[in-house]
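Values in this document were obtained by computation on a predicted structure and should not be read as measured data.
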Amino acid sequence: MSDVSDDDDAPALSAHALAALQEFYHETGTHETGTHETGTHETGTPTPDQFAVGALEEDWRMSQFWYSDDTAARLAEELVREAGEGGRIACVSAPSVYQKLKQGSVLGSDRVSAVVLEFDRRFAVYGDDFVFYDYNEPLALAAAARSFDVVLVDPPYLSEECLSKVSQTVKHLSKGKVLLCTGVVMEKLAKDLLDVRMCDFLPKHNRNLSNDFRCFVNYPSRLLDAARRSKTS
């Protein structure tokens, strides 16, 4: 997720206005079921195609921009590798990577567990894997939402306030390994808060974003030298 798009036709709201709009939707239940849009059963049980990247449509009012299928797969592979056998993975505001993990198309994904932390209650269709998350309350999480082997986080806004609060959540969730996806403009703050460094790997989205978007990690990762590996493979 990111808060900047190159779609000039999309209205631009302040973070405060977006938060108010989101609260309205959640109070009225407007965006909570997604039954017709997503192809769920009336019971809320996910259907096989619901784990496809983009099965739930992006909502610009929630600053939602899904990764491309290739990027979601690459990040899912990274998480599986770093989590290890029986590892636990948390996808914070990164539902498309969670979906890719659950598709079963990534080698080893059946040997790890994953949860998705999201403000958008449409993702509650994923049952116990869904953890409601509001970055404005960074530590208001279920007791079981901690001790993850690797945490992937994609803060919804490119702001110091958002990244600072999300970093509190990450430190609460993680046993150590952190994979952050955000704009290059946040590089220094990300380094200060999470001790991460920028990767060569360039993540892509289904919609083009106008901001320079990158991945950052705090551990030795194949994503760090992705360009060199691509040339030698």
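Looking at Y135 and P155, their side chains never come closer than 4.5 Å, going by heavy atoms from C-beta outward. D129 is listed as a side-chain neighbour of K102, based on a closest heavy-atom distance under 4.5 Å. When side chains are defined from C-beta on, L75 counts as touching C181, because their heavy atoms get closer than 4.5 Å. The side-chain heavy atoms of V166 and Y157, taken from C-beta on, include no pair separated by under 4.5 Å. The shortest distance between side-chain heavy atoms of F132 and E137 does not fall below 4.5 Å. A 4.5 Å side-chain heavy-atom check between L117 and L173 finds at least one atom pair inside the cut-off. The side-chain heavy atoms of R81 and R222, taken from C-beta on, include a pair separated by under 4.5 Å.
Between K204 and T71, the closest heavy-atom pair is N-OG1, 2.9 Å. P220 and L224 make their closest contact through CA-CD1, 4.3 Å (heavy atoms, listed as atom of the first residue, atom of the second, distance). For C215 against L179, the heavy-atom pair with the smallest separation is CB-CD1, 4.1 Å. In plain terms, the two heavy atoms of H205 and F213 that are nearest each other are CE1-CD2, 3.5 Å. Looking at every heavy atom in both residues, Y67 comes nearest to A94 through CE1-CB, 4.4 Å. Here the closest non-hydrogen pair linking V178 and Y219 is O-CE2, 3.5 Å.
Remark: L202 CG to R214 CZ distance equals 5.0 Å, nearest 0.5 Å. With rounding to the nearest 0.5 Å, the separation of CG in L189 from CG in L163 is 4.5 Å. Rounded to the nearest 0.5 Å, atoms CG (L158) and OG1 (T182) are 5.0 Å apart. Interatomic distance, CG of L180 versus CG of D154, reported as 8.0 Å (0.5 Å rounding).
Between the side chains of E78 and S221, a donor-acceptor pair is found at a separation under 3.5 Å. In summary, the side chains of K100 and Q103 do present a donor paired with an acceptor at a separation below 3.5 Å, with no hydrogens or angles considered.
Hydrophobic clustering (ILVMFWY, side-chain heavy atoms < 4.5 Å, transitive): V153 and V184 are in one cluster.
Ring-centre distance between Y126 and Y98: below the 6.0 Å cut-off.
Residue K165 places its NZ atom among more than 12 non-hydrogen atoms of other residues, nucleotides or ligands, all under 6.0 Å distant. Heavy-atom neighbours of Q168 CD from other residues, nucleotides or ligands within 6.0 Å: above the threshold of 12.
Shown here are the side-chain contact (heavy atoms from CB on, under 4.5 Å) partners of V80, two or more places apart in sequence or in another chain: L101, V106, S109, V112.
Using modelled atom types, one side-chain atom of N218 and one backbone atom of G176 make a donor-acceptor pair closer than 3.5 Å. Of the possible polar contacts, one joining the S164 side chain to the E160 backbone as a donor-acceptor pair under 3.5 Å is found.
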Anything under 3.5 Å between a donor and an acceptor, one on a side chain of residues 192-199, the other on a protein residue two or more places apart or in another chain? List them.
residue, atom, partner, partner atom, Å
D192, OD2, K188, NZ, 3.1
D195, OD1, K191, NZ, 2.7

Donor-acceptor pairs under 3.5 Å, side chain of residues 141-151 to any protein atom, not counting sequence neighbours: which ones?
residue, atom, partner, partner atom, Å
D149, OD1, K175, NZ, 3.1
D149, OD2, R88, N, 2.7

